[in-house]
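For reference, the structure discussed in these notes is given below.
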2 protein chains.
Amino acid sequence: MPGPLDQLTIETQPSPALSATVVPAIRKMITTGVLAQGVHLREAELATALGMSRGPVREALVELEREGLVVLRRHRGAQVITLTGADAEEVYTLRRALERLAVERACGRLTPDHLAALDVVLDRMRQLAPDYSPELAVDLDLEFHDVLVDAAGHARLERSWQQIRSQIAMFLHDRHQARRDFHEIAHPEHLAIRDIVAAGDVGGAIATIDNHLVGAFDRLRAARTEPLPADD
Amino acid sequence: MPGPLDQLTIETQPSPALSATVVPAIRKMITTGVLAQGVHLREAELATALGMSRGPVREALVELEREGLVVLRRHRGAQVITLTGADAEEVYTLRRALERLAVERACGRLTPDHLAALDVVLDRMRQLAPDYSPELAVDLDLEFHDVLVDAAGHARLERSWQQIRSQIAMFLHDRHQARRDFHEIAHPEHLAIRDIVAAGDVGGAIATIDNHLVGAFDRLRAARTEPLPADD
DNA sequence: ATCTCGTAGATTGTTAACAATTGACTTTCG
DNA sequence: CGAAAGTCAATTGTTAACAATCTACGAGAT
């Protein structure tokens, strides 16, 4: 039963997060381009910079490899991934397969909380200033799809989604830096997805998300400049 | 250019595999039931048993968690996963989404080598003795689908497949131990998949793999006995 | 001058010891 | 006798040193 001490999470941090605290930090640096593609990451260097030992850094790099942000080669260390057009094609075909499943399930399981979360994101999209930062646009875009995946109630789908999510962030970052047409395209399309999922129309929802993702990939390809092969 | 020394891989082992050599070992013990569901795995115990330190064992457990074979809880160590009917539903809905994409792409990319590999597996299925071991049946079944995934030429799809492959093995193990109807059902269905993929009929291939997986899930559910909650 | 081979430096893979946290047992009080 | 708090052993998280491996640079031969 609820008591007066329920809000005392100040002192007892739920779990003094293991050194996977560094994963979000490095991830952000990669997805926002602070760490350029192809850059070589040295364990010792990162460890001293983050004020910890090589052990946790090592585990963090394994996690980042799982997300496809770095490649690990034996005795050669970690390197920030260099994404090509072929990679974009892979990510978006897999993304289509996963999100089709997501909305299919979300149609029958969407709770009021999920719907409210979608509306909050949509509202923040609507209020976005014309000269929005790419980072914010990427965050909002992904947050919307996060809610859809969460609404599917499918732990393994969620994990597969996490596996390409960061790479999608990298592509979107490039795309929104090249063209600021979030209001004209992304917002109305996301709104349409919300409406048809909320209506529970499974077939329509799948078709809508499919169309959204195909279009997203096309715009991506149009905005994309192939990165030069990194020398380090 | 090709030379006479190309086959000298005897001495120069491509890469003295890191201690992820233990991952297959532990994986096999879990999928075949040697390590029962719910069993608690202690790092130090495994390390001494395998003749190495805790470091590599720790990394191996992270990898096994990625495959969904164990659950890792902070300060509580690793535990062999306990698969329920809900888990089977998750695995098979995700599997459908992934394999639909796999055959869709495989239809246009199937090389003679892939086709030959499929035929080898199918032939071994055909020659399977009536009292085959569940382990062998599971291996053949998965190997067939491995080829399909490989033929798709999609690295990220491959990774997502690896993520549920071992769990599928656990389900199949139970199923083939309960009923030995590989010849009546699995072999002809796999043969049908091979034929329609080889014919390049995308729509038909998707429908066939879909039907195969829905049926597989139904048979799984019929054969499955819910495991009792493990006390350790 | 170019190619090959050997050496050196740097970097990762592995090990073993130390610190922090958890869960269970014992003890104590109502 | 039951419940709550304190203590302790077991286990994981982290650190730092050691060993194995790879890349790069430079000397020597062709």
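Labels below follow one simple rule: chain letters A, B, ... track the order of the sequence lines, proteins then strands, and each chain is numbered from 1.
Between the CD atom of A/E59 and the P atom of C/dT12 there is a distance of 16 Å, rounded to whole Å. In this structure, A/L72 places its CG atom 13 Å from C1' of C/dT11, rounding to the nearest Å.
Side-chain atoms of B/H190 and B/D141 include a donor-acceptor pair closer than 3.5 Å.
Applying the salt bridge (charged side-chain N to carboxylate O under 4.0 Å, His left out) test to residues at least two apart or on different chains, the pairs with a partner in residues 109-120 of chain B are B/D119-B/R194.
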Where do N or O atoms of nucleotides 6-12 of chain D meet protein N or O atoms at under 3.5 Å, pair by pair?
{"unit_1": "D/dT12", "atom_1": "OP2", "unit_2": "B/E43", "atom_2": "N", "d": "3.4"}
{"unit_1": "D/dT12", "atom_1": "O3'", "unit_2": "B/H75", "atom_2": "N", "d": "3.3"}

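Considering only heavy atoms from C-beta on, A/M170 stays 4.5 Å or farther from A/V138 through its side chain.
Residues A/A47 and A/V57 come closest through the heavy atom pair CA-CG2, 3.7 Å.
Between B/W161 and B/H145, the ring planes lie tilted relative to each other; the angle falls in the 30° to 60° range.
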